[in-house]
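Working notes, structure below.
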Amino acid sequence: MVVKIRIPTPLQKLTDGKSEVESSGKTVIQLIDELEKKYSGIKERLCDEKGNIRRFINIFVNEKDIRFLKGQKTKLKNGDEISIIPAIAGG
Amino acid sequence: MLKLTDEQIERYSRQIILSEIGGKGQEKLLKSKVLVIGCGGLGSPCAYYLAAAGVGKIGLVDSDKVELNNLQRQIIHSTKNVGIPKVDSAKEKLLQLNTDIKIVTHSLRLTSKNILNIIKDYDVIVDGSDNFPTRYLVNDACVLAKKPLVHAGILKFDGQATTIVPGKGPCYRCLFPSPPPPGSVPSCQEAGILGVVAGILGLVQATETLKYILQCGELLVGKLLIFNALSMSFRTLTIKRDKKCPVCGNNPTIKKLIDYEQFCKLR
Ligand SMILES: [Zn+2]
């Protein structure tokens, strides 16, 4: 099983500049842990000390916000596209 | 009822012939009042096109002066305007383009004390500010005052936009409940911005504003538009009103406006 993850520009420093990476995580939490193994430091950017997704970052599975699905327990299936969307303030 | 003059009919003829606009739509535009917050990368193209389209009254908010490093993207200003207040430079340019409209300048920084008094005179608010404290302040004020807000943010090659119509869809806090702590998200000053990205998102905001006034098409209400210049992709994600939203939820905890510390100032 493979899912595609779009990495936002501010986090691409941690993914060797890649804007898209793959994972075989079966849930969002597994996906984050798998990303952390490959790209050390990324989990800390996405989650707070308690392991919750930070309040200025959202994760979407396909076009849907996981907060309105099952949160980090949201199940992933082959071919899903995961987007990490941080708040950006530039103008 | 406002009657279009011959000159107005000539000036706006290319959009009056659109069946979605017509003379009636043009009159709506001429009667409308839009506040553009920030005369920077987003506000420049947005205000310029709104002025061209004949939005009757445009308010401009900015406390900064024009700097040379602004001109790479803030196209409403000119080299000769370096050093003067951005709102004055913008006003001059807009009135050169269209003498048929009124420009009101607010050369100040928005705070919890002044914002409600400023936005109350306008039909639509455009957020083209450049920092989180202002963005959260503008969101909360628009929710409390029930003013439609056209939001966009940009960084490097990326842009995001959504339209907030209080009571009809989610607000910015439904999407991002609280601002990031200082230093956790780079600013354009630190990270850079490609000028055209500001142009594209600023015009998305102008488009949403015109559609709102004309009541035509589908707005980005409940939708987050994500743009990336490198992949040249526009994607639309679904966003929902959060019942637990601190400002527009069922039991709001924010009833008074907050002045977050200015921690990510950029120009
Ligand atoms: Zn809300």
Side-chain angles (χ1 to χ4, degrees), chain A residues 3-22 28 32 39 41-72 74 76 79-91, chain B residues 37-43 74 127-136 152-160 170 172-181 184-193 197-198 201-202 223-224 226 228 230-231 233 235-240 242 244 264 266-267:
Chain A
V3 299
K4 199 162 81 178
I5 308 141
R6 292 176 201 265
I7 306 293
T9 312
L11 296 183
Q12 288 174 13
K13 269 186 214 142
L14 295 165
T15 58
D16 311 320
K18 287 194 204 111
S19 60
E20 246 178 53
V21 300
E22 289 183 343
V28 171
I32 292 172
Y39 308 110
I42 199 163
K43 184 169 183 176
E44 197 202 327
R45 300 288 298 274
L46 299 176
C47 304
D48 62 19
E49 318 76 54
K50 290 181 191 147
N52 298 316
I53 307 283
R54 293 184 182 278
R55 285 158 72 84
F56 52 90
I57 292 175
N58 281 312
I59 296 183
F60 289 75
V61 174
N62 300 321
E63 319 297 45
K64 295 209 172 98
D65 187 337
I66 61 163
R67 292 181 303 156
F68 299 101
L69 298 169
K70 298 233 164 70
Q72 292 192 51
T74 303
L76 305 175
D80 276 348
E81 285 188 23
I82 288 75
S83 306
I84 300 169
I85 309 288
I88 54 176
Chain B
I37 298 172
C39 297
L42 294 167
Q74 302 182 14
D127 186 1
S129 66
D130 61 1
N131 61 83
F132 283 112
T134 305
R135 291 185 176 284
Y136 279 82
I154 48 172
L155 189 70
K156 288 185 155 183
F157 301 98
D158 291 320
Q160 301 175 352
Y172 192 63
R173 276 190 200 269
C174 291
L175 183 62
F176 300 114
S178 51
S184 58
V185 176
S187 66
C188 290
Q189 202 169 26
E190 293 153 11
I193 174 72
V197 173
L201 270 293
K223 288 182 267 188
L224 180 69
I226 303 284
N228 179 268
L230 296 177
S231 56
S233 59
R235 293 183 304 132
T236 312
L237 303 175
T238 305
I239 56 176
K240 285 190 182 173
D242 184 356
K244 290 178 286 185
C264 46
L266 61 104
R267 291 188 178 103

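With a 4.5 Å cut-off on non-hydrogen atoms, B:Ser231 does not touch chain A at all. For a residue to count as touching a neighbouring chain, one of its non-hydrogen atoms must lie under 4.5 Å from one of that chain's; by this rule B:Cys39 does not touch chain A. For chain A, no part of B:Arg173 is nearby; none of its heavy atoms comes within less than 4.5 Å. Residue B:Asp127: no heavy atom, backbone or side chain, is found under 4.5 Å from chain A. Only the backbone of A:Ile57 comes within less than 4.5 Å of a heavy atom of chain B; no side-chain atom from C-beta onward does. Heavy atoms closer than 4.5 Å to chain A are found in both the backbone and the side chain of B:Ser178. At a 4.5 Å heavy-atom cutoff, the contact between B:Leu224 and chain A is made by side-chain atoms alone. Residue contact with chain B, scored on non-hydrogen atoms closer than 4.5 Å, is absent for A:Ser19. Within the 4.5 angstrom heavy-atom criterion, atoms from both the backbone and the side chain of B:Leu175 approach chain A.
Ranked by heavy-atom pairs shorter than 4.5 Å toward chain A, the options B:Leu42, B:Val197, B:Leu230 are led by B:Leu42. In terms of heavy-atom pairs under 4.5 Å with chain A, the best-connected choice from B:Gly40, B:Ala198, B:Ser129 is B:Ser129.
Looking only at distances, a side-chain donor or acceptor of A:Arg54 sits under 3.5 Å from a matching main-chain atom of A:Cys47. Looking at A:Gln72, its side chain does come within 3.5 Å of a backbone N or O of A:Gly51 through a donor-acceptor pair.
The 12-atom threshold is exceeded at NZ of B:Lys223, counting heavy atoms of other residues, nucleotides or ligands nearer than 6.0 Å. A 6.0 Å sphere centred on CD of A:Glu44 holds no more than 12 heavy atoms belonging to other residues, nucleotides or ligands.
For the atom pair A:Arg67 CZ and B:Cys174 SG, the distance stands at 8.0 Å (nearest 0.5 Å). In this structure, CG in B:Leu237 is found 10.0 Å from CG in A:Asn62, a value given to the nearest 0.5 Å.
A:Glu22 has no carboxylate O lying under 4.0 Å from a charged side-chain N of A:Lys4, or vice versa, which leaves the two without a salt bridge.
Nearest heavy atoms, B:Phe176 versus A:Ile85: CE2-O, 3.4 Å.
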